[in-house]
Amino acid sequence: MDTNVITLFPNAPAANDSGFFGRTYPAVPPAAEKFKDGQNLLSISVSDLSEKLMRAEAARVQRGEIGRPTWQVMGNRLRAHVLPLLGDLPAQAFTTRDAQRLIDRLGDEGFTSTTIAQYLVLLRKVVMHGVHIGVLREAPLFPKVKVRSRPRGSFSVAEYRALIAAARRLRGQSHPVLDALAPGERFWIARELLVMPDEMPWLIRWMVNTFVRPSDIKLMKHKHIEVVRAKHVYLRMNLPETKRHSQPIVSLQPAVRVYERLVAHRARHGFDGADDYIFLPQLKNREHALAVLNFLFHWVLEVEGIEKGPLGQDRTLYCLRHTAITLRLLYGQGIDMLTLARNARTSVNMVERFYASVLNGEMNVGLLQSRRGRTV
């Protein structure tokens, strides 16, 4: 998700707002029969097609075919870069050259090949919607973008331990930005939240021992968590669906201790009910809660001087999930990729492309050097 794009639209409808479809795109897409007059067809712009596509996609969200966050990101991307460049262009005048203009603009602004390819897919979707509703006879050829996968920077064991230690040291301290604010000056985070909370060390350990995404963190409630004490001790997490995955997640054993300490802390402040959120439960706007946690986590990264990954990637909370999966690949005895992928709510292909890609032979030199025992 392009967080830099989303921040450009503070008034964008929230993805969990049940009434935002009706207010933003109240009508259904017009039928193709309405576009029989040649003059009407010539007057339809790329901006008009984009609006019609968003209406059709809103209907898909209501049918459960795609998620609301996906719909919102589409709208954000259209408004951020596609429409300012191509919105006034008549749809029937759209050519391959216009798609290349978008690629060049995004490249000039420093977007990665992966993000540019995602924008190109969205633009093709707009054009193809014009074909489907009878505005265009056919879609022009689109340029190809060679995508280079760039995995997020996971943390080494030493870095992981340093992050926890730094978060513990910072608990109760005010963020430096608070000292720079003049009396009465406002910041996008309330002043009382610009203090490192007790839960930050727990959050770091939680993500590395549960494989969850940051989007899971903002939605996770106590009712979603069950402590299992059998042959193995772990947490069974029946979390809300994210990225079309809904199966339960099983944690590692250290997550149980983290959760028990967190629950005891929450009980002292009255936030241990089944419907209370686990992290920053006092904030009902969960998008804002996640943004605050990311901001405070970046503070921890700055203190340790590890804001960038090995390949120069910006590190965020999402890197803790990458760390969880990478460490299991390194140190999990006999674990197979399918089991790991299913438990992390992803695919084997994604594990191989983005998580296992940072591993090398020397990291598991003992396994490479091992020999089968003789059979008698």
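Every heavy atom of this structure was used, including side-chain atoms; hydrogens, water molecules and symmetry mates were not. Residue numbers run from 1 in the order of the sequence given.
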For [X], enumerate each residue passing the salt bridge (charged side-chain N to carboxylate O under 4.0 Å, His left out) test, keeping only those at least two apart in sequence or located in another chain.
{"X": "Arg105", "answer": "Glu109"}
{"X": "Arg268", "answer": "none"}
{"X": "Arg315", "answer": "Glu159"}
{"X": "Arg101", "answer": "Asp98"}

Below 4.5 Å, heavy atoms only, C-beta onward: do [X] and [Y] meet side chain to side chain?
{"X": "Tyr160", "Y": "Ile204", "result": "yes"}
{"X": "Arg77", "Y": "Gln118", "result": "yes"}
{"X": "Pro143", "Y": "Thr96", "result": "yes"}
{"X": "Leu120", "Y": "Phe142", "result": "yes"}
{"X": "Pro197", "Y": "Leu296", "result": "yes"}
{"X": "Ser45", "Y": "Leu49", "result": "no"}

Considering residues at least two apart in sequence or located in another chain, which fulfil the side chain to side chain contact (heavy atoms under 4.5 Å, CB included) criterion with [X]?
{"X": "Ala344", "answer": "Phe211, Arg321, Ile325, Thr346"}
{"X": "Leu338", "answer": "Asp336, Arg342, Val348"}
{"X": "Glu138", "answer": "none"}
{"X": "Pro281", "answer": "Arg266, Phe271, Tyr277"}

Donor-acceptor pair, [X] side chain versus [Y] backbone, under 3.5 Å?
{"X": "Thr210", "Y": "Trp206", "result": "yes"}
{"X": "Asp276", "Y": "Gly273", "result": "yes"}
{"X": "Asp48", "Y": "Ile44", "result": "no"}
{"X": "Asp272", "Y": "Val263", "result": "no"}
{"X": "Ser251", "Y": "Leu235", "result": "yes"}
{"X": "Thr323", "Y": "Val208", "result": "no"}
{"X": "Glu185", "Y": "Ala182", "result": "yes"}

For the NE2 atom of His222 and the CG atom of Leu262, what is their distance to the nearest 0.5 Å?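 So the gap between those two atoms works out to 6.5 Å.
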Hey, could you give me the CD1/CD distance between Ile278 and Glu199, rounded to the nearest 0.5 Å?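 Going from the CD1 atom of Ile278 to the CD atom of Glu199 covers 10.5 Å.
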For Phe295, give me all partners under ring pair (Phe, Tyr, Trp, His ring centres under 6.0 Å), at least two apart in sequence or on another chain.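 For Phe295 the ring pair (Phe, Tyr, Trp, His ring centres under 6.0 Å) partners, ignoring immediate neighbours, are His175, Phe187, Trp188.
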Do the ring planes of Tyr119 and Phe111 sit parallel (below 30°), tilted (30 to 60°) or perpendicular (above 60°)?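 Rings of Tyr119 and Phe111: perpendicular, as their planes differ by over 60°.
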Which word best sums up how the rings of His265 and His269 line up, parallel for under 30°, tilted for 30 to 60°, or perpendicular for over 60°?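 Answer is tilted, since the angle falls between 30° and 60°.
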Give a yes or no on this: more than 12 heavy atoms of other residues, nucleotides or ligands lie within 6.0 Å of atom CZ of Arg171.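 Yes - once you tally the heavy atoms of other residues, nucleotides and ligands closer than 6.0 Å, there are more than 12.
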Mark yes when over 12 heavy atoms from residues, nucleotides or ligands other than Asp179 sit less than 6.0 Å from its CG; otherwise mark no.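 Count over threshold, so yes.
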Does the side-chain contact (heavy atoms from CB on, under 4.5 Å) test come out yes or no for Asp216 and Arg345, once each step is laid out? CA-CA 11 Å; Asp216 296 319; Arg345 288 184 167 187; 4.1 Å; yes
Could you go through residues 298-311 and list every donor-acceptor pair under 3.5 Å that involves a side-chain atom there, pairing it with any protein atom two or more places apart or in another chain?
from, atom 1, to, atom 2, distance (Å)
His298, ND1, Glu302, OE2, 3.4
Glu304, OE2, Arg169, NH2, 3.1
Lys308, NZ, Asp314, OD1, 2.3

Tell me which one of Val82, Thr115, Ile116 satisfies side chain to side chain contact (heavy atoms under 4.5 Å, CB included) with Leu106.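 Of Val82, Thr115, Ile116, side chain to side chain contact (heavy atoms under 4.5 Å, CB included) with Leu106 is met by Ile116 alone.
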Distance-only check: which donor-acceptor pairs under 3.5 Å involve side-chain atoms of residues 223-234, not counting sequence neighbours?
from, atom 1, to, atom 2, distance (Å)
Lys223, NZ, Asp275, OD1, 2.9
His224, ND1, Lys221, N, 3.0
Glu226, OE1, Arg236, NH1, 2.8
Glu226, OE2, Arg236, NH1, 3.1
Arg229, NH2, Glu260, OE2, 2.2

Which residues share a side-chain hydrogen bond (donor to acceptor under 3.5 Å, both in side chains) with Ser47, sequence neighbours left out: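 For Ser47, no residue satisfies side-chain hydrogen bond (donor to acceptor under 3.5 Å, both in side chains) once neighbours in sequence are set aside.
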